[in-house]
Amino acid sequence: MSDAAAEVARIHREEWARIVAGLARRYGDLDLAEETAAEAFATAVERWPVDGVPPNPGGWITTTAHRKAIDRLRREARRHDKHHEALMLQDDSPPNPVGAVEDDRLRLVFTCCHPALSMEARVALTLRIVGGLTVPEIAHAFLVQETTMGQRISRAKAKIKAARIPYRVPEREDLPGRVAGVLAVLYLIFNEGYLASGEQSDPIRRDLTGEAIRLTRLMRELLPEGSGEHGEATGLLALMLLTEARAAARVSADGELVRLDEQDRGAWDRALLEEGLALVRDRMNAARGAHSPGRYELLAAINAVHVSAPDARDTDWSQIVALYGLLERIDPNPIVTLNKAIAVAEFDSPEVGLALAERLADRLEGYHAFHTTRAELLRRLGRSGDARAAYDRAIELAGNTAEVAHLIRRRGQLAAQHDTPTNGEAS
């Protein structure tokens, strides 16, 4: 890849959401914002190798995108006599108030997460517009066909336009009713960065994890302290920080995923760990009173148990099983139960964990982590043939390059006579 092409890729990775958000605020049209941003990047791919990378690459792409948007609106104004859009080109009046916080990307998240859209549409649209993920990447995250996901995103954008959904952060008194959808989206954006699914993507996308953390911090600051919504935002922030702290140890020098029990804990980011653990302690103290912990608070507490162990062998699996039990009560879904099965295998036995996991076969057949879990537990039980078949299916479904490399190596070890028992959660 040339230096110019590499710079275009970097700007796309780091500034896509900012550029699209600025265009959406200016022109009030998500389709226009996304399409003209994409055209500007395509123009950079053509011109920068010839003309050289400009001194301010992000500014160049932003300006180019605005020019393309104006050109398109002028053409549309002439073709359809859209006077209100044409007037926008010369409108120097002060912009309308934008809500409770001055941040283009957070406003864009709230637009994509409007209650008029289904939860599935909110998440998918935000991953596309704010996260910059491709339709295939989003479809993989949702375990659906690409055509289905493409239609879902197109319908969501059309509904925003038809319903004139405002591009703004709600007033503070309206925030509580909007928080759950936004936090769900931010968590999925973080997860895509934590284990990127694109074949051409880096295994870990720190741009996505960093942006999700930044936006979650903003969300937490918006919400009234003592509220359940503030507690969940705090829990999500803690969960992200404790996970991000391990990023430097999660991929080996040769590009293979490193399981949690094999990671160099000395390479973890102590500042992020300490901040995350302090937030978990704050939420657990609140839970001793009238407050009951929510989904993200419990997930953060589970991660806190993992990272607090000096060595993987010291992990308190009984506490993790108990926390997953609480999580199942408030968020009953097969992914939670699968993770609980992994913890049960460590606390009790591989047989018991496998039996729990295999109850989920019908619901998780298309989920690679289900087959990875089966493969690891089957190998511990000496069922090498079954484990190999499970690894094959996991490799077929996994989209992350580092994870695929890890699974291939684990499958290749099955011929060994004495396989070392493995410990639970992968990374």
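Values reported hereafter were calculated over all heavy atoms of this structure, with side chains retained and with hydrogens, waters and symmetry mates removed. Here, residue 1 is the first one in the sequence, and each next residue gets the next number.
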[X] versus [Y], closest heavy-atom pair with distance:
X: A304; Y: L277; result: CB-CD2, 3.6 Å
X: V251; Y: P203; result: CG2-CB, 4.2 Å
X: M284; Y: P293; result: CE-CB, 4.3 Å
X: A405; Y: G255; result: CB-O, 4.2 Å
X: I330; Y: G294; result: CD1-C, 3.5 Å
X: P350; Y: L381; result: CB-CD2, 3.8 Å

Salt bridge [X]-[Y], side-chain N to carboxylate O under 4.0 Å:
X: E232; Y: R295; value: no
X: E358; Y: R374; value: yes
X: E35; Y: R72; value: yes
X: D104; Y: R18; value: no
X: R217; Y: E211; value: no
X: D29; Y: K161; value: yes

Point-to-point distance, once rounded to the nearest 0.5 Å, from [atom1] of [X] to [atom2] of [Y]:
X: R152; Y: T147; atom1: CZ; atom2: OG1; value: 10.5 Å
X: L356; Y: T373; atom1: CG; atom2: OG1; value: 10.5 Å
X: L106; Y: L215; atom1: CG; atom2: CG; value: 6.0 Å
X: T148; Y: I153; atom1: OG1; atom2: CD1; value: 11.0 Å
X: K157; Y: T111; atom1: NZ; atom2: OG1; value: 14.0 Å
X: L338; Y: F370; atom1: CG; atom2: CZ; value: 7.5 Å

Item to check | Worked check of salt bridge (Lys or Arg N to Asp or Glu O under 4.0 Å) between E15 and R10 | outcome: CA-CA 8 Å; E15 299 200 39; R10 184 190 69 80; 5.2 Å; no

Give a yes-or-no answer on whether the side chains of [X] and [Y] include a donor-acceptor pair shorter than 3.5 Å.
X: R283; Y: T234; answer: no
X: H371; Y: E396; answer: no
X: E346; Y: T315; answer: no
X: R246; Y: N303; answer: yes
X: T337; Y: N339; answer: no

Item to check | Name of the residue among L272, D269, T216, L236 meeting side chain to side chain contact (heavy atoms under 4.5 Å, CB included) with L241 | outcome: L272

Does [X] [atom1] have over 12 foreign heavy atoms under 6.0 Å away?
X: R47; atom1: CZ; result: no
X: R67; atom1: CZ; result: no
X: D254; atom1: CG; result: yes

Give a yes or no answer on whether the side chain of [X] reaches the backbone of [Y] with a donor-acceptor pair at less than 3.5 Å.
X: K340; Y: G325; result: no
X: D348; Y: V344; result: no
X: T62; Y: G58; result: yes
X: S308; Y: V305; result: no
X: S349; Y: A345; result: no

Is there a side-chain contact between [X] and [Y] in this structure, where contact means two heavy atoms from C-beta onward sitting under 4.5 Å apart?
X: E244; Y: R206; answer: yes
X: R220; Y: L279; answer: yes
X: Y194; Y: R205; answer: no
X: R250; Y: L257; answer: yes
X: E192; Y: L188; answer: no
X: R265; Y: W268; answer: yes
X: Y367; Y: L397; answer: no
X: L299; Y: Y187; answer: yes

Item to check | E221 vs L218, side chain to side chain contact (heavy atoms under 4.5 Å, CB included): CA-CA, chis, key distance, verdict | outcome: CA-CA 5 Å; E221 291 170 5; L218 281 176; 4.0 Å; yes

Next on the checklist: Can you classify the ring geometry of F41 versus W16 as parallel (below 30°), tilted (30 to 60°) or perpendicular (above 60°)?
Outcome noted: tilted

Next on the checklist: Angle between ring planes, W48 versus W60, binned at 30° and 60°: parallel, tilted or perpendicular?
Outcome noted: perpendicular

Next on the checklist: Evaluate L237 against M219 for side chain to side chain contact (heavy atoms under 4.5 Å, CB included), listing each step before the verdict.
Outcome noted: CA-CA 10 Å; L237 178 58; M219 278 294 299; over 6 Å; no

Item to check | side chain to side chain contact (heavy atoms under 4.5 Å, CB included) between H368 and E403, worked out | outcome: CA-CA 10 Å; H368 76 279; E403 189 169 17; 3.0 Å; yes

Which atom pairs, donor and acceptor, lie under 3.5 Å between side-chain atoms of residues 117-131 and protein residues at least two apart or in another chain?
{"from": "S118", "atom 1": "OG", "to": "A121", "atom 2": "N", "distance (Å)": "3.1"}
{"from": "R122", "atom 1": "NE", "to": "H114", "atom 2": "O", "distance (Å)": "3.3"}
{"from": "R122", "atom 1": "NE", "to": "L117", "atom 2": "O", "distance (Å)": "2.9"}
{"from": "R122", "atom 1": "NH2", "to": "L117", "atom 2": "O", "distance (Å)": "3.3"}
{"from": "T126", "atom 1": "OG1", "to": "R122", "atom 2": "O", "distance (Å)": "2.7"}
{"from": "R128", "atom 1": "NE", "to": "E34", "atom 2": "OE2", "distance (Å)": "2.8"}
{"from": "R128", "atom 1": "NH1", "to": "L133", "atom 2": "O", "distance (Å)": "2.9"}
{"from": "R128", "atom 1": "NH2", "to": "E34", "atom 2": "OE2", "distance (Å)": "2.8"}

Checklist entry - Is there a side-chain hydrogen bond (donor to acceptor under 3.5 Å, both in side chains) between E376 and Y391 once you walk through the steps? => result CA-CA 8 Å; E376 293 293 333; Y391 279 125; 2.8 Å; yes

Next on the checklist: Show, in sequence, the C-alpha distance, side-chain angles and deciding distance for E229 and R178, and conclude whether the side chain to side chain contact (heavy atoms under 4.5 Å, CB included) test is met.
Outcome noted: CA-CA 10 Å; E229 294 80 16; R178 303 281 297 277; over 6 Å; no

